[in-house]
Amino acid sequence: MKEEILRHLCKSLGKDAAHSSVHDWRVALSLALRDRMVDHWFRSTRETYETRAKRVYYLSMEFLIGRLVEDMAANLGLVEEARAALTELGQDYDAVVLNEPDAALGNGGLGRLAACFMDLLASLGIPAYGYGIRYEHGLFKQDFVDGRQVETAETWLTQRNPWEFERPEVQFRIGFGGHVDHHDGKAYWHPWETVLATAYDTPVVGWQGKWGNTLRLWSARPASKFDLESFNRGDYLAAGRSEALARTISRVLYPDDTTEAGKELRLKQEYFFTAASIMDLLRRFLSDHDDIRELPQYVAIQLNDTHPAIAGPELVRLMSDEHNLPMDEAIELARRCLGYTNHTLLPEALERWHVGLLGRVLPRHLEIIRAIDEDQQARHPGSPRILEHDHVHMGELAFIMAHKVNGVSALHTELVKSTVFSDLHRIHPTRIVNQTNGITPRRWLHTCNAPLSNLITREIGDGWVADLEKLKALNQRTGDREFLDAFSAAKRQNKTELADWIAQTCGIAVDPDAMFDVQIKRIHEYKRQLMNILETVALWNEMRDAPDAEWTPRVKIFGGKAAPGYHVAKQIIHLINDVARVINNDPVTGDLLKVVFPANYNVTMAERLIPAADLSEQISTAGKEASGTGNMKFALNGALTIGTLDGANVEIREHVGSENFFLFGLTAREVVERRHVHGYARAAIEASPRLSRVLGQIADGQFSPEDSSRYHGLVGGLYDHDYFLVTCDFDSYFDTQRRADQVYRNGSNWAAMALRNTASMGWFSSDRTIRGYARDIWQVDAVDRAGLEMTA
Ligand code: F58
């Protein structure tokens, strides 16, 4: 390893060890690790071709990867070797690992799920490709200026990305706009604009390096040659125009789509990566098979939400326009290949495109969508329409074009059946299935939490890393004082490290013996960070009223970004920061209560916070959080959950036991009922002196003396239209928090409950999730017999 690192430093980077920076060492280490992956990767590809195995194609606009060095080293079993090599070379391994920028090609849970799935597909030896976009700028960087969120461009690619292989030879022409001719019963699309999709491949090697798949990300390039004539005339801008246009497409993750131009760009991004992926998989299939009718036997395509839903019409277009299949047969064949995962019930997140826009950008696809709509009507008269009120409904399109549609937790799947797709479910009663989300235990325990991971391995061996259900054996230790002490000591160590990091990055001193109460996720009204900060103020009030009473010291930790155009979410961020400033400087409460909100939450920060958490905040309005995956990571790392009966919380609670979970709040059904009660929010506020007091303080500007009306709108909104029922759940949330305080003060009971959580979380490994998809949706087997045993 040492020689390989030095060789890369010298031969690949052109650097002399004496003059190398930590960045150079990190890139050299990554290249040395990548070398070790290549053989596994080639072997897997060869074996897939030889066995003519069915391949899974996971199409996702987002892959929220984070850092890769440790992940890759761990999967290859090379962490100790890499550490020793760098130490011998006089380098600090941890600093080298930390030098890697996060690959933040995603917004949140949906993107992170895709990244976890890549790990599992490889660990299970299932031949698979992840397809997405190689954004030049990932999720924006968040700073706080006077407490307000300020966004700047993220720049992960300004440094060399050592994991990827550029494939300039893999190129597809992707057309936009233009017109369609029809003659001799055939359609001919003449796009007006064309860009090239070029591939960048990252090998993804699974646990113990037995199998390697590919994450293929597309980058856009100009299709026309550089305009030398304009350049020589001195018109440099004109010469670069086609280049600029093409680059725009793969430039930023989730461009602001509140403008017409932004909407068009987003649609072009979706078509760009979907079309390139479909063309690529068809080319691969046809290199080995003659009859396109056999496609469903060899190809399973999973749509990660509706963002790649244009895959249906694109497959139909290629099969009918280029391979001359009749339209109805093409539709049926495409359907047998496609699966669609739904991640949200929020109406504003269900994609709809105006027919004017879709027809302008993808005229042939609009014709095909009409044909699909007609085909569905002919087979199922009265079925919900894909095209309605001048809009193309991508959810309906994805549903109708998929042979299986899945929700991501048991509750969510039932709600998918009974709400958004109830009519389609009645027509296709076996199409919707559930696949509760899961997480990779490698990143989310083994790698991110060394103290606990080592303790578990000492106790039950290391089999749990590949088979998380083995953690069940720890249930026998919940009465074992010595083991509980060791378990608490591991948590204490993580908390001490986090406290040091908080002191360094936020300048706030926190006590590692206080309860670390953590809420990290996108900032959204339905996730109710607002309820958490209101509860913080209520607690602060009561601590000030009786500072000598018996309190459980708390550190409230927040992390998360608000969408740049989401005004209310940004106000909530501002409020948390304003409240933090006041509380953290209050000598009366001192160490009893601190509020910490480190800026720029990302995967790396999650890996730091989750192992150190005592309490996990999963407090969404019931019925709104499709699943959650952070909830699983916390429980696995021995945090207790305070949460509502929402998403996968329901299943987590069933697994860990209701006595080891702090439940509160209205159920999904009660939420719907409550909304019918006139004036429910005002009534809830008036019935709660505690909440009224807090809202009064915020509205009066107690936390924003420089601008006392800053939160009038936010507080007024709660009185008038508290759609997410913060007010209705507030008292029960506050009381449940006090129950958590009490249990925490009795440390040994808390540790036993936390251990029950860790021991019971095996089911939430994405091993189980991927096995479910393989069995119920993709109908694929593992090829690699040496991979983790497929027991399904
Ligand atoms: C999330 N969705 C769900 N969407 O909110 C969460 O409950 C679930 O656990 C997770 O998916 C995985 O199933 C989500 O992350 C997005 O990030 C959208 C991407 C496109 C733009 C709008 C946000």
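Remember, it's 1-based here, ligands and their atoms both numbered in the order they're listed. What you see is a predicted model; the values in this text were computed from it and never measured.
The protein heavy-atom contact nearest to atom 21 (C) of ligand 1 is Y254 CZ, 3.5 Å. Ranking protein heavy atoms by distance to atom 13 (O) of ligand 1, first place goes to H343 ND1, 2.6 Å. N107 CB, 3.6 Å is the protein heavy atom nearest to atom 17 (O) of ligand 1. The shortest contact between atom 16 (C) of ligand 1 and any protein heavy atom is with L110 CB, 4.1 Å. Protein heavy atom closest to atom 9 (O) of ligand 1, with residue, atom name and distance, is G628 N, 2.7 Å.
Numbered from 1 in the order shown, with element, the atoms of ligand 1 that lie under 4.0 Å from a heavy atom of Y526 read 5 (O). Against a heavy-atom cut-off of under 4.0 Å, E62 is close to the following atoms of ligand 1: 19 (C), 20 (C). For ligand 1, the atoms closer than 4.0 angstrom to any heavy atom of A626 are 7 (O). Ligand-side atoms of ligand 1 in range of G109: 10 (C), 11 (O), 12 (C), 15 (O), range being under 4.0 angstrom from any heavy atom.
Every residue two or more places apart in sequence or in another chain that forms a side chain to side chain contact (heavy atoms under 4.5 Å, CB included) with T155 is listed here: H137, T158. Partners of L105 under the side chain to side chain contact (heavy atoms under 4.5 Å, CB included) rule, at least two apart in sequence or in another chain, are Y135, W156, L217.
For atom 23 (C) of ligand 1, the nearest protein heavy atom is 4.0 Å or more away. Checking atom 6 (C) of ligand 1 against the protein gives a heavy-atom contact under 4.0 Å.
Annotation: cation-pi pair R216/Y129 absent, no NZ/CZ under 6.0 Å from the ring centroid and within 45° of its normal.
Put simply, NE2 on H574 and CD on Q149 are 12.0 Å apart, with the number rounded to the nearest 0.5 Å. Note that CG of N660 is 7.5 Å distant from OG of S760, once rounded to the nearest 0.5 Å.
Put simply, part of H307 is less than 4.0 Å from ligand 1, judged by heavy atoms. Ligand 1 is never approached by H412 to a heavy-atom distance shorter than 4.0 Å.
With hydrogens and angles disregarded, no donor-acceptor distance shorter than 3.5 Å links the side chain of N304 to the backbone of L59.
A salt bridge links E151 with K570: the closest approach of a Lys/Arg side-chain nitrogen to an acidic carboxylate oxygen falls below 4.0 angstrom.
N602 and T604 are not linked by any side-chain donor-acceptor pair at a separation below 3.5 angstrom, with hydrogens and angles left out of the test.
More than 12 heavy atoms of other residues, nucleotides or ligands lie within 6.0 Å of CZ in R675, so this atom counts as buried by the packing criterion.
The part of N437 lying near ligand 1 is the side chain, judged by heavy-atom distances below 4.0 Å.
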